[in-house]
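Let me begin by presenting the structure, written as structure tokens, before commenting on it.
What you see is a predicted model, and the numbers here were worked out from it, not measured in a lab. These values consider heavy atoms only, across backbone and side chains, with no hydrogens, waters or symmetry-generated copies.
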Amino acid sequence: MKYRKKPVEIEAVQLTWANWGEVCDFVQLPWGPEGVHGCYSDKGVESDSGEKIGLIIPTLEGNMLANENDYIIKGVHGEFYPCKPDIFEETYEPVEK
């Protein structure tokens with residue numbers, strides 16, 4: 001049997017160093033040790049000092065690391081999860097209003 005994904009509008013923002021605060025506000029994470037959880041040196045957003053960092057997103061499946069240019073998607077039930085840019089662009093298109 002085959003299935004098709006139902007058309008649904010979502011909210012999403014692409015993670016960059018320039019919009020770090022906007023992304024944290026979008027996923028409703030307070031600033032501080034209980035909010036922005038992750039600074040990773042392997043991959044992610046590059047800070048002014050050159051250190052690469054990523055943002056830990058609490059998801060229904062547990063915490064996930066969002067790297068630079070990943071999209072953070074707000075799902076239909078208010079849940080959040082990161083999505084790689086190539087998958088996002090294959091799956092979603094802008095909504096014209």
Side-chain angles (χ1 to χ4, degrees):
M1 191 171 238
K2 292 186 178 187
Y3 292 87
R4 181 182 335 192
K5 189 182 272 189
K6 293 179 182 177
V8 62
E9 290 183 17
I10 54 102
E11 292 180 62
V13 63
Q14 192 170 27
L15 176 63
T16 67
W17 182 246
N19 72 348
W20 182 269
E22 176 189 341
V23 172
C24 291
D25 290 342
F26 178 68
V27 296
Q28 303 165 357
L29 295 176
W31 293 95
E34 297 305 314
V36 179
H37 294 168
C39 291
Y40 285 77
S41 60
D42 55 343
K43 292 182 180 178
V45 178
E46 189 170 16
S47 71
D48 293 339
S49 68
E51 180 185 10
K52 294 193 182 253
I53 55 179
L55 178 64
I56 299 295
I57 304 293
T59 74
L60 296 176
E61 291 80 29
N63 290 337
M64 296 180 72
L65 175 63
N67 293 314
E68 183 175 25
N69 296 317
D70 285 354
Y71 284 85
I72 312 304
I73 297 172
K74 183 175 184 179
V76 296
H77 297 292
E79 74 281 12
F80 294 94
Y81 54 94
C83 182
K84 295 295 178 197
D86 57 337
I87 302 298
F88 185 87
E89 291 163 6
E90 288 179 23
T91 308
Y92 299 98
E93 60 188 22
V95 174
E96 300 294 328
K97 290 191 175 191

Next item on the list: Show the numbers, then the answer: is there a side chain to side chain contact (heavy atoms under 4.5 Å, CB included) between N67 and K84?
Entry: CA-CA 8 Å; N67 293 314; K84 295 295 178 197; 3.3 Å; yes
Notebook entry, point to check: Taking all non-hydrogen atoms of both residues, which atom of C83 and which atom of F88 are closest, and how far apart?
Noted result: SG-N, 3.6 Å
Notebook entry, point to check: Can you find a pair of side-chain heavy atoms, one from H77 and one from L60, that are under 4.5 Å apart?
Noted result: no
Check: What's the spacing between I73 CD1 and T91 OG1 if we round to 0.5 Å?
Finding: 7.5 Å
Notebook entry, point to check: Roughly how far, to the nearest 0.5 Å, is the CG atom of D70 from the CG atom of L55?
Noted result: 10.0 Å
Next item on the list: Apply the test side chain to side chain contact (heavy atoms under 4.5 Å, CB included) to residues T16 and N69: give CA-CA distance (whole Å), side-chain angles for both, the deciding distance (0.1 Å), then the verdict.
Entry: CA-CA 6 Å; T16 67; N69 296 317; 4.1 Å; yes
Next item on the list: Answer with yes or no whether the hydrophobic clustering places I10 together with Y71; edges join I, L, V, M, F, W, Y residues whose side-chain heavy atoms lie under 4.5 Å apart.
Entry: yes
Next item on the list: Apply side chain to side chain contact (heavy atoms under 4.5 Å, CB included) to T59 and list each qualifying residue two or more places apart in sequence or on a separate chain.
Entry: I57, E61, M64, Y81, P82
Notebook entry, point to check: For Q14, does its backbone N or O pair with a side-chain atom of N19 as donor and acceptor, under 3.5 Å?
Noted result: yes
